[in-house]
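Here's the structure we're looking at; comments come further down.
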Amino acid sequence: MTTNWLVTGAAGMLGRDLLAVLDADPEAKVTALRRADLDITDPAAVRAAVEGQHVVVNCAAWTDVDGAESAEPAATAVNGTGVRNLAQACAETGALLLNVSTDYVLPGDAEQPYPEDAPTSPVNAYGRSKLAGEQAVAELLPQTGYTVRTAWLYGEYGANFVATMLKLAAQRDTLDVVDDQHGQPTWSRALAERLAVLGRAALAGRAPAGVYHGTASGRTTWFGLAREAYRLSGLDPERIRPTTSAAFARPAVRPAFSVLAHDRWAEAGLEPLAPWQDMLSEALRRPGFADLVPTSN
Ligand SMILES: NC(=O)c1ccc[n+]([C@@H]2O[C@H](COP(=O)([O-])OP(=O)(O)OC[C@H]3O[C@@H](n4cnc5c(N)ncnc54)[C@H](OP(=O)(O)O)[C@@H]3O)[C@@H](O)[C@H]2O)c1
C-alpha cells in the first residue's frame, strides 16, 4: 500500500537526507516542501498541505541557536507556533506527526544519560522555542504525535562542525576544540533512516506515541569528535588540541551534558541509532565529506 509522506523544511540538512531515504522506498509517495513552498507559521497553508497525508515529518525549524537569544519570539513562531499548526492540522486529518526536536530542551547538568521522560528545563531561547513545539505535539496528538530529539547533527547538505573541522585542516596547523561539553555526534542520514523506520512502525501501530531520542549511541566531546574525524580522514589527530567552553564565549549558553538514553526504541521493537564512531566512519566515506579533506597534510 502506498504511504503519503509530507516532508517540511525539505531543503535543510536533515530534510535532504530524509528525501534520499524515502526515495528508495517504492511504497512512499513523497511531497517535499521547502520553506518557499510552505511556511509552517501559516496555519491555512499548513492545513492544506497536510490534507491527504499519512505521515508528516517536520524538518523545518529555526536552527540559529545564538540568533534566537535576541529574536526569541521569531524562533518561537517557527519552533513553537509552527509546530502547533502542524499538530493541529494532523489532529484534524488523522495524519501522524514526527517532529524533530533537540537535547537543548534538557538542562544539560546531569551525569547519567537523560531518559525520554526526564524533566525538561531549557538553558537558552532556542531550547525554550523547541520545547513549545514538543508541548504542542504532546497536547494535540497524544496518540499520534512523535517527538524525536536529536543533537550534534552533521550531514552532507548543511553547515556543520565536522565539515568545518575538515575544511580548516587546509588552513591551520592546529585547532583548539572544546573538551568540556559531552554529547552524541549524529549523522543526519542515519537519523533520517530512523525517522523513516519510526514512521512505518507508527503507521503499523507498533510504535507508541511520545518522545524518542534520535542520537547516536555512546558519547564524546567536540574535541573527541574532531580528533576521530581527523583520524578517520587520514589527518593527524594531534593537530586537535583540547580547550574549554570558557575560551569560546557565545551568545547562547550550551548544555555541558547532552547525552541521551535510547530505551524508548525497544518499546517500539526498533534498534536505537548506531555508535557515533561507526556512523562517522560511514559518513566520512561519502563524497560530501571525503572531498573536503586536503590531499596533503
Ligand atoms: N543541526 C543540529 O545540530 C541540530 C541539533 C539538534 C536538533 N536539531 C533539529 O534538527 C532539525 C533539522 O535541523 P537541520 O540541521 O536540518 O536544520 P537546517 O539545515 O537549518 O534546516 C531547517 C530548514 O527549515 C527551514 N525553515 C526555517 N523556517 C521555516 C518556516 N517558517 N517554514 C518552513 N521552513 C522553515 C529552513 O529554511 P531556510 O534555510 O530558508 O531558513 C531550513 O531549510 C531541526 O528541528 C533542528 O531544530 C538540529
Side-chain angles (χ1 to χ4, degrees), residues 13 61-76 79 101-115 118-131 149-155 158-188 213-233 235-261 275-277 280 289 292 297:
M13 183 166 75
W62 174 298
T63 54
D64 178 358
V65 174
D66 288 323
E69 290 299 305
S70 55
E72 188 165 350
T76 305
N79 295 344
S101 193
T102 172
D103 59 300
Y104 282 16
V105 299
L106 297 162
D109 58 357
E111 292 177 352
Q112 297 298 322
Y114 283 105
T120 52
S121 180
V123 295
N124 57 37
Y126 167 77
R128 289 190 292 274
S129 75
K130 295 290 287 185
L131 180 58
R149 292 183 186 142
T150 193
W152 293 33
L153 269 193
Y154 58 90
N160 64 83
F161 175 85
V162 172
T164 300
M165 289 297 113
L166 296 178
K167 283 182 205 159
L168 285 173
Q171 298 163 30
R172 310 236 195 108
D173 289 338
T174 61
L175 288 167
D176 292 344
V177 179
V178 170
D179 194 29
D180 57 3
Q181 291 173 26
H182 300 264
Q184 296 162 314
T186 302
W187 184 22
S188 52
H213 284 165
T215 54
S217 303
R219 57 184 277 189
T220 186
T221 65
W222 294 110
F223 164 77
L225 171 58
R227 279 211 157 177
E228 185 67 359
Y230 270 40
R231 190 185 71 75
L232 289 166
S233 300
L235 300 163
D236 180 5
E238 297 295 325
R239 293 171 63 186
I240 307 290
R241 303 183 312 194
T243 187
T244 64
S245 304
F248 278 96
R250 294 158 91 181
V253 175
R254 263 66 180 176
F257 188 83
S258 287
V259 182
L260 308 183
W276 69 270
Q277 299 96 325
L280 179 65
F289 287 109
L292 297 175
N297 62 88

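- One finds the CG atom of Leu175 at 4.5 Å from the OH atom of Tyr230 (value rounded to the nearest 0.5 Å).
- Taking the side chain to side chain donor-acceptor pair (under 3.5 Å) definition, one finds that Arg149 meets it with Glu134, His213, sequence neighbours left out.
- Using a 4.5 Å heavy-atom cutoff, the side chains of Val259 and Gln184 are in contact.
- For Ala247, the side-chain contact (heavy atoms from CB on, under 4.5 Å) partners at least two apart in sequence or on another chain are Thr243, Thr244.
- Counting only residues at least two apart or on different chains, the salt bridge (Lys or Arg N to Asp or Glu O under 4.0 Å) pairs with a member in residues 167-177 are Asp176-Arg241.
- For the ring pair (Phe, Tyr, Trp, His ring centres under 6.0 Å) condition, the pairs that include at least one residue of residues 159-178, sequence neighbours left out, are Phe161-Trp222.
- Under the rule for a side-chain contact (heavy atoms from CB on, under 4.5 Å), the partners of Ala125 that lie at least two apart in sequence or sit in another chain are Ala68, Glu69, Glu72, Arg128.
- By the salt bridge (charged side-chain N to carboxylate O under 4.0 Å, His left out) test, Glu111 is found to be paired with no residue, residues two or more places apart in sequence or in another chain being considered.
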Sequence neighbours excluded and cut-off under 3.5 Å, please list the side-chain donor-acceptor pairs for residues 249-258, or say none.
| residue | atom | partner | partner atom | Å |
| --- | --- | --- | --- | --- |
| Arg254 | NH1 | Asp66 | OD1 | 2.6 |
| Arg254 | NH1 | Ala252 | O | 3.0 |
| Ser258 | OG | Asp103 | OD2 | 2.6 |

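- Within a 6.0 Å radius of CD in Gln171, other residues, nucleotides and ligands contribute more than 12 heavy atoms.
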The test is side chain to side chain contact (heavy atoms under 4.5 Å, CB included); show your working for Leu260 and Leu106 and say whether it passes. CA-CA 10 Å; Leu260 308 183; Leu106 297 162; 3.5 Å; yes
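- For Ser188, the side chain to side chain donor-acceptor pair (under 3.5 Å) test picks out Asp17, with sequence neighbours left out.
- Counting all heavy atoms, side chain and backbone alike, Ala169 lies closest to Arg239 at O-NH2, 2.7 Å.
- The side-chain contact (heavy atoms from CB on, under 4.5 Å) test applied to Pro242 returns Asp179, Phe223, not counting sequence neighbours.
- Leu280 CG to Arg231 CZ: the interatomic distance, rounded to the nearest 0.5 Å, is 9.0 Å.
- Side-chain atoms of Thr76 do not come within 3.5 Å of backbone N or O of Pro73 as any donor-acceptor pair.
- In plain terms, the two heavy atoms of Met13 and Gly155 that are nearest each other are SD-N, 3.4 Å.
- Residues satisfying the side-chain contact (heavy atoms from CB on, under 4.5 Å) test with Thr220, not counting sequence neighbours, are Pro185, Leu225, Trp276.
- Across all non-hydrogen atoms, the minimal contact from Asn160 to Val162 is OD1-N, 3.1 Å.
- Residues passing the side chain to side chain donor-acceptor pair (under 3.5 Å) test with Thr186: none are found, sequence neighbours excluded.
- Rounded to the nearest 0.5 Å, atoms CG (Asn79) and CG (Leu131) are 11.0 Å apart.
- Between Ala261 and Pro115, the shortest heavy-atom distance links the atoms CB-CA, 4.1 Å.
- In this structure, Leu166 and Ala229 approach most closely via the heavy-atom pair CD2-O, 4.3 Å.
- In this structure, the side chain to side chain donor-acceptor pair (under 3.5 Å) partners of Tyr114, at least two apart in sequence or on a different chain, are Asp109.
- Judged by distance alone, with hydrogens and angles left aside, the side-chain atoms of Arg227 form a donor-acceptor pair with the main-chain N or O of Ile240 at under 3.5 Å.
- Between atom CH2 of residue Trp152 and atom OG1 of residue Thr215 there is a gap of 11.0 Å, rounded to the nearest 0.5 Å.
- At least one side-chain heavy atom of Gln181 sits under 4.5 Å from a side-chain heavy atom of Ser245.
- Considering every non-hydrogen atom in both Pro107 and Pro119, the closest pair reads CD-O, 3.8 Å.
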